[in-house]
Amino acid sequence: GRSITMKPSMMESLLGLLRIRVKRGVNLAVRDLNSSDPYVVVKMGKQKLKTRVIYNDVNPEWNEDLTLSVTDPNLKVLLTVYDHDTFTKDDKMGDAEFEIKPYINALTMHLQDLPCGTIVTTVQPSRDNCLAEGSRIIWSDGKLIQEIVLRLKHVECGEVEVQLQWIDLPGSKGL
């Protein structure tokens, strides 16, 4: 494959990398006879990444890391679940959107040496977000992570659990 070379201008505007761990799906919609073959697509701006397909499972455990370059903290992440079909177009099994702003804001506090498990802030579910429950930003093993449970929209059921982690890139603008 081709190697990615970052243009200097790109590095100057790059805040860092957001690693989205797509943990698992819970009670996803059935799209085939009695199950589904789900995978997740994550989009932010022009970037688009996807997980592997897990066959015959409406409670899939992906535990897969997808890494996005962040230049604008105001962009939202759109997560869509698809059912993989061999011969026809893959069916959508719902989508959800989440903001990375609260997490970025917590990162810019430059916290240090907190006890492991300290909850720095909690983003509450509201009509304006897709959170199934309060989303905690936690200090864990020397770094800040955010745990998110998304309730999928445009579908009869299903939730997806993800975790955010930040990666600082040497040479980038940084936070």
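Values below: all heavy atoms of this structure, side chains included; hydrogens, waters and symmetry mates excluded.
Leu144 is listed as a side-chain neighbour of Val120, based on a closest heavy-atom distance under 4.5 Å. In this structure the side chain of Gln124 never reaches within 4.5 angstrom of the side chain of Leu131, judged on heavy atoms.
For the atom pair Ser140 OG and Ile145 CD1, the distance stands at 4.5 Å (nearest 0.5 Å). Between Lys153 atom NZ and Cys130 atom SG the span is 4.0 Å, to the nearest 0.5 Å. Between Glu159 atom CD and Arg151 atom CZ the span is 5.5 Å, to the nearest 0.5 Å. A distance of 6.5 Å separates CG of Asn59 from CG of Leu28, quoted to the nearest 0.5 Å. Separation of atoms CD (Glu97) and CG (Leu150) is listed at 10.0 Å; rounding is to 0.5 Å. Rounding to the nearest 0.5 Å places CD1 of Ile137 at 9.0 Å from CE of Met109.
In this structure Leu175 satisfies the side-chain contact (heavy atoms from CB on, under 4.5 Å) test together with Leu15, Ile104, Leu107, Thr108, Trp166, sequence neighbours excluded. Taking Arg136 as the reference, nothing meets the salt bridge (Lys or Arg N to Asp or Glu O under 4.0 Å) condition, with sequence neighbours excluded. Shown here are the ring-ring contact (aromatic ring centres under 6.0 Å, His included) partners of Tyr82, two or more places apart in sequence or in another chain: Tyr39. Scored by the salt bridge (Lys or Arg N to Asp or Glu O under 4.0 Å) test, Lys23 finds Glu147 as partners (sequence neighbours excluded). With sequence neighbours excluded, the residues forming a side-chain contact (heavy atoms from CB on, under 4.5 Å) with Asp141 are Cys116, Lys143, listed by chain and number. With sequence neighbours left out, Glu156 forms a salt bridge (Lys or Arg N to Asp or Glu O under 4.0 Å) with Arg31. Taking Thr88 as the reference, Asp85 meet the side-chain contact (heavy atoms from CB on, under 4.5 Å) condition, with sequence neighbours excluded. In this view, Tyr103 satisfies the ring-ring contact (aromatic ring centres under 6.0 Å, His included) rule with no residue, not counting sequence neighbours.
Residue Leu14 is not grouped with residue Val42 when hydrophobic side chains (ILVMFWY) are merged at heavy-atom distances under 4.5 angstrom, including chains of intermediate members. Using a 4.5 Å cut-off between side-chain heavy atoms of Ile, Leu, Val, Met, Phe, Trp and Tyr, with links allowed through other members, Leu75 and Val40 fall into the same hydrophobic cluster. Hydrophobic clustering, with ILVMFWY side chains joined whenever heavy atoms are under 4.5 angstrom apart, keeps Ile138 apart from Val162. Hydrophobic clustering keeps Val22 apart from Val149 (ILVMFWY residues linked when any side-chain heavy atoms are closer than 4.5 Å, directly or through intermediates). A continuous path of hydrophobic side-chain contacts links Leu49 to Leu18 [ILVMFWY only; heavy atoms under 4.5 Å].
Using modelled atom types, no side-chain atom of Ser69 and backbone atom of Gly16 make a donor-acceptor pair closer than 3.5 Å. Listed for the Asp37 side chain is a donor-acceptor partner under 3.5 Å among the backbone atoms of Asn56. Remark: side-chain polar atoms of Asp83 are not paired, donor with acceptor, to backbone N or O of Asp91 under 3.5 angstrom.
When all heavy atoms of Phe98 and Leu164 are compared, the pair lying nearest together is CE1-CD2, 3.8 Å. Pro60 and Trp62 make their closest contact through CG-CH2, 3.4 Å (heavy atoms, listed as atom of the first residue, atom of the second, distance). Taking all atoms of both residues into account, the shortest heavy-atom contact from Ala132 to Pro125 is C-CG, 4.5 Å. Closest approach of Val58 to Ser36, counting heavy atoms only: CG1-N, 4.0 Å.
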(request) Check the pair Lys101, Asn74 against side-chain contact (heavy atoms from CB on, under 4.5 Å), reporting the backbone distance first and the verdict last. (result) CA-CA 6 Å; Lys101 197 77 194 272; Asn74 297 305; 3.0 Å; yes

(Q) Using the rule given for side-chain contact (heavy atoms from CB on, under 4.5 Å), can you reason through Leu78 versus Met44, listing the C-alpha separation, both sets of side-chain angles and the distance that settles it, and then say yes or no? (A) CA-CA 6 Å; Leu78 175 67; Met44 186 174 72; over 6 Å; no

Evaluate side-chain contact (heavy atoms from CB on, under 4.5 Å) for Thr51 paired with Leu66, printing each intermediate quantity in order. CA-CA 8 Å; Thr51 66; Leu66 304 177; 4.0 Å; yes

(Q) Please evaluate residues Ile20 and Asp65 with respect to the criterion side-chain contact (heavy atoms from CB on, under 4.5 Å), reporting the C-alpha separation (whole Å), side-chain torsions for both, the decisive distance (0.1 Å), and the verdict. (A) CA-CA 6 Å; Ile20 301 176; Asp65 288 336; over 6 Å; no

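Salt-bridge check for Glu161 with Arg24: passed, with a basic side-chain N closer than 4.0 Å to an acidic carboxylate O.
Other residues sharing the hydrophobic cluster of Val26, ordered by chain and number and joined by side-chain separations under 4.5 Å: none, the residue standing alone.
Legend: salt bridge (Lys or Arg N to Asp or Glu O under 4.0 Å) pairs involving residues 46-58, not counting sequence neighbours, sorted by first then second residue: Arg52-Glu64. Screening residues 113-122 for side chain to side chain donor-acceptor pair (under 3.5 Å) gives no qualifying pairs among residues at least two apart or on separate chains. Applying the side chain to side chain donor-acceptor pair (under 3.5 Å) rule to pairs touching residues 126-135 yields Ser135-Gln146, sequence neighbours excluded.
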